[in-house]
Amino acid sequence: MDKFIITGGGPLQGELRISGSKNAALPILAATLLADGIVSLGNVPRLNDISTMVALLKTLGLAIEVGDEGKVSVDASHVTSTTAPYDLVKTMRASILVLGPLLARFGEANVSFPGGCAIGSRPVDIHLRGLEAMGAHIEIDGGYIRAKTNGRLKGAHILMDIVTVGGTENLLMAAVLAEGRTILENAAREPEIVDLAHMLVAMGAKIEGIGTATLTVDGVTSLRGCEYEVMPDRIETGTYLVAAAATRGKVRLTATRADILEAVLIKLEEAGAHLEVGDNWIELDMQGRRPKAVNIRTAPYPAFPTDMQSQFMAMNAVAEGTGTVTETIFENRLVQVSELNRMDAHILLEGNTAIVKGVERLKAAPVMASDLRASASLVIAALVADGSTLIDRIYHIDRGYESIEAKFHTLGADIRRVRQ
Ligand code: UD1
C-alpha cells in the first residue's frame, strides 16, 4: 500500500488547475447507460473511483474509450448485462448509481447491496422506495438488489424524507425515461446534481426546476448521445484553498468556479483570508497571517458541505482561538480527530461536534488515512507540522484527488509517495 511522506514547511504558493468533479463525473458516467448514441465527455478526472465506474460500465457491455485530457467516450448501444457485481460495488458505493438508469432503460437491474463504510451505515432505502413508487418490483436476495419492471417505469410524485444526493440522482435518471410526469420533492440541490441534470437535458431529457428542491421530469421514450464537459471539482478547489490558508500562503486556482463553493469561501474569509474571484479562477492570500479559528456546521447544499469539514478541522488545529466542527450528515465522520491528536492537535470530541483549540504548530507522527476527506485533513496537518509525517493507506486519497502530489509540488510542498 502506498504511503505519503510529507515534511511540513512554509506557506504554499503558486497557481494550479483544478480537475473535473469526481462527484459529477460518477453520475454522468452512469447516465450514459440511458443514451442510444455515443456520449462524449470532457474534463473527466483521472481517479480510482472513475476507473471503477468505467470498469463497471464495461462489465455491463458498454464500449468506452478513455482518451487524453479528460476525454471519455461511451457507447451504450450494446448492453450485455444488467448486473453490477459485488467485487466492484464493494470498492465504491457510488456504483449504486447504475440502478436507476439500468432499470429505466432495460426494465431490470441487479446491483450488489452496498455495505456500510468508514463514515457510517449509509442506507439506500430512499433510492429503493422511489423506484418502487415508479412501479418497480424490488427484492433483496443473496446480497443483491434485484429490481424489475413490467414495461416502462411510471411517473410518480416522490417526496424524499431526507435530502440525499445519490437518491436524487438515481431517481432523476430513472424518471427521464419513465412514462409520464415525475415530481421529486425535497431533492438535493448540490451543483453536481445540476451538472447531471444539464447533461440529461443535452441528451433530450425534459427536466424543470433544475437547481431547486422540486424537480419535475416529463419522461421521454429515448435519449440520444451528446457532448458534455464535467464541472470543476468544488471539493478539490476547497481543499487546496484550505491548505493554503492553514500554511499562511497565497494560491491562485484556475478552471474552477467561486459560485459553487460560497459557504466555504465565507468561512475562509472569516478565517482571515483575502479572496479575489473571476469567472473561472479563485485567488486566496493569507498575507502571511495565521488563520483565525472558525465554527463549521455541515448541512445539504447550499450550506457548508460535509466533504469539507475535515480540512477545516486541520486548519482550526493551527488557528488562533477555538473553533467547533459539527457534522450533521454522516454519523461517523469525525474519524480524523484521533489521528490529528496524534500530531499534537488539541481536539475534544463531544457527540457529533469536535472542539478544536488551535496550537501554533503540529508535530509529525505516523498516521493512517481512513476515508477520502479525512485523508485530506491529514495531508493539510502534515504541511503545518514540524518534521516528516508518514501517512499510510493513501489509496483513500487516490480515489478522489487527481495527481495530488504533483499539484502540491507546484505549490512548493515537500510531499513524496513511497510505493509498496
Ligand atoms: C454524496 C457524495 C459524498 C457526500 C454526500 C453528502 C457522491 C459520489 N458522494 O454521497 O461525497 O459526502 O453526498 O453531500 O456524490 N441516506 C439515507 N437513505 C438513503 C440515502 C441516504 O438514510 O436512501 C442518508 C445517508 O446515510 C446520509 C445522508 O442521507 O446520512 C446523506 O447521504 P447522501 O446525500 O445520499 O450521500 P451520498 O449520495 O452517498
Side-chain angles (χ1 to χ4, degrees), residues 20-31 44-45 47-50 52-53 56 89 91-100 111 113-133 138 140 145 147 158-174 184 186-197 213 230-231 233-236 238-239 260-261 263-264 296-311 327-336 352 371-377 396-397 399-401:
S21 160
K22 167 179 91 73
N23 285 356
L26 288 172
I28 283 174
L29 281 166
V44 177
L47 297 168
N48 288 354
D49 273 9
I50 298 295
T52 305
M53 183 56 90
L56 172 55
V89 179
T91 61
M92 185 182 69
R93 289 180 47 83
S95 311
I96 187 77
L97 293 172
V98 299
L99 178 63
V111 178
F113 201 93
C117 64
I119 63 176
S121 62
R122 296 177 87 174
V124 290
D125 54 317
I126 298 167
H127 303 226
L128 303 189
R129 223 178 303 136
L131 294 172
E132 279 173 339
I138 298 182
I140 310 292
I145 300 164
I158 301 168
L159 172 85
M160 291 168 278
D161 60 343
I162 293 178
V163 178
T164 152
V165 172
T168 303
E169 290 166 345
N170 237 335
L171 297 178
L172 178 62
M173 289 188 280
L184 298 175
N186 199 28
R189 291 178 285 163
E190 267 65 5
E192 293 76 14
I193 295 172
V194 172
D195 214 35
L196 168 66
V230 174
M231 65 179 278
D233 197 308
R234 67 191 165 107
I235 306 301
E236 188 197 25
T239 301
I260 48 178
L261 78 165
V264 168
I296 302 288
R297 186 182 179 85
T298 67
Y301 191 84
F304 190 91
T306 170
D307 286 350
M308 280 302 305
Q309 51 88 346
S310 70
Q311 300 88 322
E327 171 61 45
T328 75
I329 309 278
F330 292 110
E331 71 232 42
N332 189 25
R333 216 186 191 179
L334 296 169
V335 277
Q336 68 276 12
N352 62 345
D371 83 59
L372 171 57
R373 306 304 170 185
S375 322
S377 76
H396 288 292
I397 303 183
R399 288 185 41 207
Y401 287 94

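In listed order, ligands and their atoms are each counted from 1.
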Subject >> Minimum non-hydrogen distance to atom 26 (O) of ligand 1, winning option of Gly400, Pro305, Pro300, Pro123 >> reply: Pro123

Original post:
Pick from Leu29, Val98, Leu97: which one makes a side chain to side chain contact (heavy atoms under 4.5 Å, CB included) with Leu56?
Top reply: Val98

Subject >> Any residue meeting side-chain contact (heavy atoms from CB on, under 4.5 Å) with Ser310, in chain and number order, not counting sequence neighbours >> reply: Gln336, Arg373, Ser377

Original post:
Is Asp125 close to ligand 1, meaning an N/O of one under 3.5 Å from an N/O of the other?
Top reply: yes

**OP:** Taking only Lys NZ, Arg NE, NH1 and NH2, and the carboxylate oxygens of Asp or Glu, determine whether Arg93 and Asp49 approach each other closer than 4.0 Å.
**Re:** no

**OP:** Give yes if a backbone or side-chain nitrogen or oxygen of Asp307 is under 3.5 Å from a nitrogen or oxygen of ligand 1, and no if not.
**Re:** yes

Original post:
For ligand 1, which atoms have a heavy atom of Thr306 less than 4.0 angstrom away?
Top reply: 6 (C), 12 (O), 14 (O)

Original post:
Short list, please: which atoms of ligand 1 are under 4.0 Å from a heavy atom of Ile162?
Top reply: 22 (O), 29 (O)

**OP:** Can you sort out the partners of Ala147 under side-chain contact (heavy atoms from CB on, under 4.5 Å), two or more places apart, ordered by chain and number?
**Re:** Leu99, Leu103, Ile138

Original post:
Under the 3.5 angstrom rule, does the side chain of Asn170 hit a backbone N or O of Ile96 as a donor-acceptor pair?
Top reply: yes

Original post:
Is there side-chain contact between Asp195 and Val230, with heavy atoms separated by less than 4.5 Å?
Top reply: yes

Original post:
Does ligand 1 have an atom under 4.0 Å from some heavy atom of His127?
Top reply: yes

Original post:
Hey, is Arg333 one of the residues with a heavy atom under 4.0 angstrom from ligand 1?
Top reply: yes

Original post:
So is there a nitrogen or oxygen of Ile126 less than 3.5 Å from a nitrogen or oxygen in ligand 1?
Top reply: yes

Subject >> Short N-O contact, Lys22 and Glu236, less than 4.0 angstrom >> reply: no

**OP:** Compute the shortest N/O to N/O distance between Arg93 and ligand 1 and return yes if it is under 3.5 Å, no if not.
**Re:** no

Original post:
Nearest non-hydrogen atom to atom 9 (N) of ligand 1 belongs to which of Thr168, Val165, Ile329, Asn23?
Top reply: Asn23

Original post:
What are the atoms of ligand 1, with element, lying closer than 4.0 Å to any heavy atom of Gly166?
Top reply: 35 (O), 38 (O)

Original post:
In this structure, are over 12 heavy atoms from other groups packed under 6.0 Å from Arg297 atom CZ?
Top reply: no

